[in-house]
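Ligands are counted one by one from 1 in listed order, and the atoms in each one are counted from 1 as well. Keep in mind that the numbers below use all heavy atoms, side chains included, and drop hydrogens, waters and symmetry copies.
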Amino acid sequence: MSISPYRGRFAPSPTGPLHPGSLLAALGSWLLARHARGQWLVRIEDVDPPRTVPGAVDQQLATLAALGLASDGPIVHQRQRDALYQQALDRLLADGKAFACHCSRSDLADAGGIHHHCVARSARAQPAIRLRVPPGSTVAFVDGLRGAIQQDVYAEVGDFVLRRADGYWAYQLAVVVDDHAQGITDVVRGADLLDSTPRQILLQRALGLPTPAYLHLPLLLDDTGRKLSKSEAAHPLDPAHPLPALRQAWAALGQDPGCLPADGSPAALLARASAGFDPARLPRHDIGPAMPPA
Ligand code: GLU
């Protein structure tokens, strides 16, 4: 039973099988939640149908189950949550904080893809909806691992999309609405999302929502120093051999391999891992070259 208000989550997009990069985020967020005696929830971010791979949701959930990483509450699927996203969008539109935009990528090419005002050359059947980001929208926050982070969202990002011109919800809106709706207090995820966090904080402020704590784990790099993208199919985790994958992720999180039992079930390994986990050992920089596949 949970005795602390800490609530973390793991939120994979079903763009392919889970791989060691995803497991780092899954295990890291799970360990930090257990360390805080909090809860850990799984959310399927299937909000982008063009990028959703058929069968990937079931495959990811089966892999998590094989690894012994079980959600402490019902698993949320973003594709079932249109009404919540629409409510948030309607509020922003009514408050004048969001606006319809007909600009295409090519309209914005001259501005480096950054939207500060509409320059659409023609109307679209269905415009995108963007959050208005006024000059001076600099967001600062303290990352649990990396310390002080600051971004001038106006200059570096501009007005960003909340609902796409193809009608699908943007990740930024869905993640902010769901982190709040699920009562997430601590977002622990890969460093590839570090530059999304200031946008999410701006959106929380526009919606009058509290900002959770953020901690961005280092990325696994491949042997050429490129990031092992979470959606890359390279080295998918093998659910038939969960222990080597868990050990590899444990070591990549800077933890003492000696803490873990030599054999046994994933549940036994995770119990030892949560008892021996030391957040002070988490690496602050990207990890590479990647360790050999488990
Ligand atoms: N669904 C995102 C991904 O798989 C992660 C979102 C998040 O953790 O905020 O990259």
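- We find that Arg9 and Asp186 are not joined by a salt bridge, their nearest charged nitrogen and carboxylate oxygen being 4.0 Å or further apart.
- A donor-acceptor contact closer than 3.5 angstrom links the side chains of Gln204 and Thr211.
- Residue-ligand proximity, Tyr171 to ligand 1, at heavy-atom distances under 4.0 Å covers atoms 6 (C), 7 (C), 9 (O).
- Using 4.0 Å as the threshold, Phe10 has no heavy atom nearer than that to any atom of ligand 1.
- Below 3.5 Å of separation, one finds an N or O of Arg9 facing an N or O of ligand 1.
- Using a 30° and 60° split on the angle between ring planes, Tyr154 and His116 fall in the parallel class, below 30°.
- Using a cut-off of 4.0 Å between Lys/Arg side-chain N and Asp/Glu carboxylate O, Asp72 and Arg34 are scored as salt-bridged.
- Taking any N or O of Ala11, backbone or side chain, at least one lies under 3.5 Å from an N or O belonging to ligand 1.
- Electrostatic pairing of Arg79 and Asp46 counts as a salt bridge here, judged by a charged N lying under 4.0 Å from a carboxylate O.
- Neither the backbone nor the side chain of Asp192 comes within 4.0 Å of ligand 1, counting heavy atoms alone.
- Close approach of ligand 1 to Val175 is summarised as follows: ligand atoms under 4.0 Å from at least one heavy atom of the residue are 9 (O).
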